[in-house]
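One structure is given below, encoded as structure tokens.
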Amino acid sequence: MVASHPLETKELVEVVHISWEAIFKSSIGPRGFRIGRDIFPKPQILGFFLHELIPLELQTRYPEVWRAESTASDKDLVHLGNPRLSVEIKTSSSSRSIYGNRSYAQETSFGKKDKSGYYLAVNFEKCERSNPKPCITAIRFGWLDHSDWLGQKAATGQQARLSAEVEAGKLLRLYP
């Protein structure tokens with residue numbers, strides 16, 4: 001399924017790295033505060049930036065083909081001609097796993113985004129004073145079905161995960 005997707009794997013890796021570098025090259029406010037120099041955000045913040053920058057980079061390159069999410073039913077990266085080719089982006093500071101919220105292990109409700117589809121998984125190191133310039137540790141791409149996600153057993157659990165077999169078998173490693 002990866003081979004039939006219109007985005008080349010080499011370009012996906014390039015776009016992830018460009019987006020990652022942009023996070024650390026950008027300045028914030030009139031004093032020019034920088035991530036990794038003055039600010040050391042939690043992984044969720046770095047993931048948020050990747051979720052925003054990767055689709056924007058592809059939208060800028062191919063405005064007639066791709067756009068960033070704009071509604072709750074959209075994937076993070078929307079293919080304008082064929083929604084089945086749209087991509088959900090998952091990021092994590094875990095060394096090898098990605099996670100979703102518990103809804104990923106449940107049937108899609110009306111008006112919400114379909115949990116089955118293409119996924120771009122990006123793992124990265126934490127940004128800390130001891131590691132001010134963290135690295136991307138893995139980039140993977142593939143098709144996941146909503147049934148691949150395993151919800152936490154506890155009724156109050158908020159996380160969904162993938163089994164090691166699903167991660168290894170359904171997400172093609174693009175980097176390193």
Side-chain angles (χ1 to χ4, degrees), residues 7 9-61 66-72 74-78 86-105 113 115 117-142 144 148-152 154 156-164 166-168 170-176:
L7 286 170
T9 56
K10 181 179 177 183
E11 185 171 28
L12 279 172
V13 171
E14 175 188 320
V15 166
V16 169
H17 282 287
I18 286 170
S19 300
W20 186 252
E21 291 298 317
I23 294 168
F24 296 91
K25 288 182 179 175
S26 300
S27 63
I28 301 168
R31 300 218 191 285
F33 296 123
R34 305 268 306 258
I35 292 175
R37 184 186 73 193
D38 309 297
I39 303 168
F40 302 90
K42 295 186 180 338
Q44 295 87 338
I45 302 300
L46 294 175
F48 166 79
F49 281 127
L50 286 174
H51 277 91
E52 296 296 315
L53 293 171
I54 292 168
L56 287 173
E57 179 66 28
L58 288 162
Q59 177 180 307
T60 301
R61 291 180 183 204
W66 298 103
R67 72 166 168 79
E69 140 187 59
S70 64
T71 70
D74 284 344
K75 302 279 178 122
D76 297 317
L77 175 63
V78 177
S86 296
V87 179
E88 189 70 6
I89 301 169
K90 289 291 172 197
T91 63
S92 178
S93 63
S94 165
S95 61
R96 64 185 174 278
S97 297
I98 59 167
Y99 304 95
N101 63 36
R102 190 169 72 171
S103 70
Y104 275 77
K113 67 177 95 177
K115 303 305 188 284
Y118 284 99
Y119 280 78
L120 175 63
V122 182
N123 296 83
F124 54 84
E125 297 172 336
K126 290 181 180 177
C127 182
E128 303 169 309
R129 289 195 187 280
S130 62
N131 187 19
K133 186 60 172 59
C135 296
I136 297 288
T137 58
I139 302 171
R140 294 167 297 153
F141 186 68
L144 297 174
D148 293 327
W149 291 95
L150 305 169
Q152 284 182 301
T156 58
Q158 295 300 308
Q159 185 184 86
R161 64 175 179 82
L162 300 169
S163 69
V166 166
E167 284 207 51
K170 294 186 95 175
L171 292 174
L172 176 66
R173 183 175 284 273
L174 307 182
Y175 175 87

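Remember, it's a predicted structure, so these values are computed and weren't measured experimentally. Start at 1 with the first residue, then count along the sequence.
Side chain of Trp66 to main chain of Ser86: no donor-acceptor pair is present (N/O by atom type, distance under 3.5 Å, no hydrogens or angles). Not one N or O on the side chain of Asp148 forms a donor-acceptor pair closer than 3.5 Å with the backbone of Leu144. Remark: the backbone N or O of Ser70 is paired with a side-chain donor or acceptor of Asp74 at under 3.5 angstrom. Of the possible donor and acceptor atoms, one in the side chain of Asn123 sits under 3.5 Å from a partner among the backbone N and O of Ser97. Using a distance-only test at 3.5 Å, with no hydrogens or angles considered, a donor-acceptor pair links the side chain of Gln59 to the main chain of Ala68. Listed for the Asp76 side chain is a donor-acceptor partner under 3.5 Å among the backbone atoms of Ile89.
One finds no salt bridge joining Glu88 and Lys115 here, because no Lys/Arg side-chain nitrogen approaches an Asp/Glu carboxylate oxygen to under 4.0 Å. Salt bridge Glu57/Arg61: present, at least one basic N to carboxylate O contact under 4.0 Å.
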(request) Evaluate the ring pair (Phe, Tyr, Trp, His ring centres under 6.0 Å) criterion for residues Trp149 and Tyr119: first the C-alpha distance (whole Å), next the side-chain angles of each, then the deciding distance (0.1 Å), finally the verdict. (result) CA-CA 12 Å; Trp149 291 95; Tyr119 280 78; 5.8 Å; yes

(request) Take Asn131 and Lys126, measure what side-chain contact (heavy atoms from CB on, under 4.5 Å) needs, and give me the verdict at the end. (result) CA-CA 7 Å; Asn131 187 19; Lys126 290 181 180 177; 5.9 Å; no

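Side chains of Phe40 and Pro132 form a contact here, defined as non-hydrogen atoms less than 4.5 Å apart. In this structure, Leu171 and Ile98 have side chains that are in contact, with non-hydrogen atoms separated by less than 4.5 Å. Looking only at side-chain heavy atoms (C-beta outward), Ile28 and Ile39 come within less than 4.5 Å of each other. With contacts defined as side-chain heavy-atom distances shorter than 4.5 Å, the pair Ile23/Cys127 does not qualify. No side-chain heavy atom of Ser27 sits under 4.5 Å from any side-chain heavy atom of Phe33.
Figure legend: Lys133 and Phe24 shown as a cation-pi pair, the cationic atom lying under 6.0 angstrom from the six-membered ring centre and within 45 degrees of its axis.
Ring-plane geometry between Phe141 and Tyr118 is classed as parallel, the angle between the planes falling under 30 degrees on a 0 to 90 degree scale with a further cut at 60.
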